[in-house]
Amino acid sequence: MRLFRRCTRISILCLLAISVFTPVFLLSFRLKNLNTDASKDFVEDLSILKHRIDAQANSAVQQEEVEGLKGPHLVVYRDGDHGSLVSLDENDRRHKAEDVNLLQSNGTSYGGEEKNQRNLSEQKVSPSREKEKSKPEGVQHSRSIQSHLRRPLDEKVKEMKDKVIRAKAYLSFAPPDSNSHFVKEIKLRIKELERAMGDVTKDSGLSRRATQKMKAMDGTLLKASRIYPDCSAMVNTLRAMMYNAEEQLRSQRDRTSFLVQLAARTTPKGLHCLSMRLTTEYFDLQPEEREFPNQHKLQDPNLYHFAVFSDNVLACSVVVNSTVSTAKDPEKIVFHIVTDSLNLPAMSMWFLMNPPGKATIQIQSIDGFELLSIKYNEDQQKQKGLDPRYVSALNHLRFYLPDIFPSVNKIVFLDHDVVVRKDLTRLWHINIKGKVNGAVETCVEGEPSFRRMDMFINFTDPSVATRFDANTCTWAYGMNVFDLQEWRKRNLTALYHKYLELGSKRRLVKAGSLPLGWMTFYKHTHALDRTWHLLGLGYDSGVTRAQIEQAAVIHYDGVMKPWLDIGIQKYKSYWNRHVSYEHPYLQQCNLHE
């Protein structure tokens, strides 16, 4: 009996223990699983909360930094506005009301990134739609066709780059030593997208993998916009960054422009060395050794006379060599080179050492024309406010051709930065129809050489507006045929002095002799075929080889001369082929191709 009771008591206690411990064991196992998942969510929530707190502190710091930076005025961009932020002060004042609207929308809407983008796109599109509605249907149709034809081929590439920039901007808001899940994710997305893009510049070069990575980046950016809902700090930071970048770009452009102009005005070391060597050799010669042959041909009006005014020895040699090498009758060619007294010995020595074949050459100094020197000094005083390059004696001398060559009836004037590719003696057989100047016109709109008279001449002056038509076709210096007999009959040099006198009292033209030439030879110029003279090799890299092959004269007008390091490389070969780089003086002065 006792044994039975004992067993019953033990069994009851066991059942009681099982009923007590079993729920406890099951509950603890379930709580263990729940705690594992909850801890992850809790850590994630804690990370987001930490980022939000950091973002608020960071935005406050960023706000203080941005307030210290010099930021641009706010601008509402429209379709077709491609101007720099730096140059939009007038637009800022004009669209001040719209800027206020943009500020209000940026300051009050925190409904997510997509909503902000939608509002901003509506602000961008609505003004352009109102403008389109006010235009005729034909204009709208043509505009739509043009916009379709001009649709960019790198739209997706630019979008990907923008997303990478945005991701880096979000990443900058995270603490420097942060190693959270979000930081790791956004770094991974940036790395993946940059690797997927590679060096691709067009949408056609993108792979399917790149598109997938862009979609993954979209998800990460959406998550980032939720972590940092207040984008005002980022907007201000990016605006300040962009403004500073444009300021640096403008500064670099100004510096580049200055250095290019400085390089164009400065004589290269090699050319200076060559001039010094030639000058030394010239003064070692006896007086009878300094004479050029065939000087009796200089006044023969039946020969082909060319004039070049320059102080550059190597450039003059290229003009002479290229002209003689392409001429059918080189023995009938007479070159008249006028330089300054400083370069006269070097210029003379070069052509004494390197005579131009059967052609005749004459080297003169501008100081040898006593009457012209007096006139030039007076004219220089009248142009004292202009750039010294434009009022130089050699640049001014072209208006006195009839006085310099009294026995010559027709002459071809060449600039020293040209290369002759075809026989120019045919110019003497062209009928210029009683005009004084034969030149190639530069009034074709859309071409780099396009010039209009009102670009360089002040048509607000009544004396100019009544005498000239701003729409008259302009022409170029560099290769001109002058009928000196007609010039003398019409006394155009006196007319030039008249305009120069007016310009000394009030500003009529911009710097240079070209606008004065347009005024002097107004209605006295005959248009030559465009293949005679090709412009732009000193500033336009778009000149094609076919155009060069067709041209009789190619002109390196502009600052990128072929003898300078800044010259356009692909055009230098046409100039270099007429330079004797094997000459010992050129070798000693380190002048080479």
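Numbering starts at 1 and runs along the sequence shown.
Partners of Phe468 by ring-ring contact (aromatic ring centres under 6.0 Å, His included), not counting sequence neighbours, listed by chain and number: Tyr499, Tyr522. Among residues two or more places apart in sequence or in another chain, the side-chain hydrogen bond (donor to acceptor under 3.5 Å, both in side chains) test is passed with Arg530 by Glu447. Ser251 is linked by a side chain to side chain contact (heavy atoms under 4.5 Å, CB included) to Arg255, counting only residues two or more places apart in sequence or in another chain. Considering only residues two or more places apart in sequence or on other chains, Lys163 meets the side-chain hydrogen bond (donor to acceptor under 3.5 Å, both in side chains) condition with Asp218. Residues passing the side-chain hydrogen bond (donor to acceptor under 3.5 Å, both in side chains) test with Lys168 are Glu194, sequence neighbours excluded. Looking at residues two or more places apart in sequence or on another chain, you find a ring-ring contact (aromatic ring centres under 6.0 Å, His included) between Trp563 and His416, Trp575. Applying the side chain to side chain contact (heavy atoms under 4.5 Å, CB included) test to Ala470 and every residue at least two apart in sequence or in another chain returns Asp454, Phe459. Partners of Glu441 according to the salt bridge (charged side-chain N to carboxylate O under 4.0 Å, His left out) rule, which considers only residues two or more places apart in sequence or in another chain, do not exist here. Shown here are the side chain to side chain contact (heavy atoms under 4.5 Å, CB included) partners of Leu171, two or more places apart in sequence or in another chain: Val183, Ile186, Lys187, Ile190. By the side chain to side chain contact (heavy atoms under 4.5 Å, CB included) test, Thr267 pairs with Leu271, His272, sequence neighbours left out. For Ser449, the side-chain hydrogen bond (donor to acceptor under 3.5 Å, both in side chains) criterion is met by no residue, not counting sequence neighbours.
Within a 6.0 Å sphere centred on CZ of Phe258, heavy atoms belonging to other residues, nucleotides or ligands number 12 at most. Other residues, nucleotides and ligands place no more than 12 heavy atoms under 6.0 Å from the NZ atom of Lys269. Summarising the local packing, NZ of Lys572 is surrounded by more than 12 heavy atoms from other residues, nucleotides or ligands at distances under 6.0 Å. In this structure, Asp529 places its CG atom where more than 12 heavy-atom neighbours from other residues, nucleotides or ligands lie under 6.0 Å away.
The shortest heavy-atom contact between Ala196 and Ala210 is CB-CA, 3.7 Å.
Within the 4.5 Å cutoff, the side chain of Leu206 has no heavy atoms near those of the Met214 side chain. Annotation: side chain of Met479 is in contact with side chain of Leu528 (closest heavy-atom distance under 4.5 Å).
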Hey, mind stepping through Glu159 and Lys156 against salt bridge (charged side-chain N to carboxylate O under 4.0 Å, His left out) and telling me if it holds?
-> CA-CA 5 Å; Glu159 184 180 357; Lys156 284 188 178 180; over 6 Å; no
Run the numbers on Val464 and Asn458 for side-chain contact (heavy atoms from CB on, under 4.5 Å), then give the verdict.
-> CA-CA 7 Å; Val464 173; Asn458 181 19; 5.6 Å; no
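Each of Glu246, Glu247, Gln252 was scored for a side chain to side chain donor-acceptor pair (under 3.5 Å) with Arg250, with one residue passing: Glu247.
With respect to Glu192 and Arg195, no salt bridge is recorded, no charged nitrogen being found less than 4.0 Å from a carboxylate O.
When only modelled atom types and interatomic distance are considered, Tyr477 and Asp415 share no side-chain donor-acceptor pair under 3.5 Å.
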Would you mind writing out the side-chain donor-acceptor pairs for residues 548-560 within the sub-3.5 Å range, not counting sequence neighbours?
from: Glu549; atom 1: OE1; to: Arg421; atom 2: NH2; distance (Å): 3.1
from: His555; atom 1: ND1; to: His533; atom 2: NE2; distance (Å): 3.0
from: His555; atom 1: NE2; to: Asp417; atom 2: OD1; distance (Å): 2.9
from: His555; atom 1: NE2; to: Asp417; atom 2: OD2; distance (Å): 3.4
from: Tyr556; atom 1: OH; to: Tyr571; atom 2: O; distance (Å): 2.5
from: Asp557; atom 1: OD1; to: Gly536; atom 2: N; distance (Å): 2.7

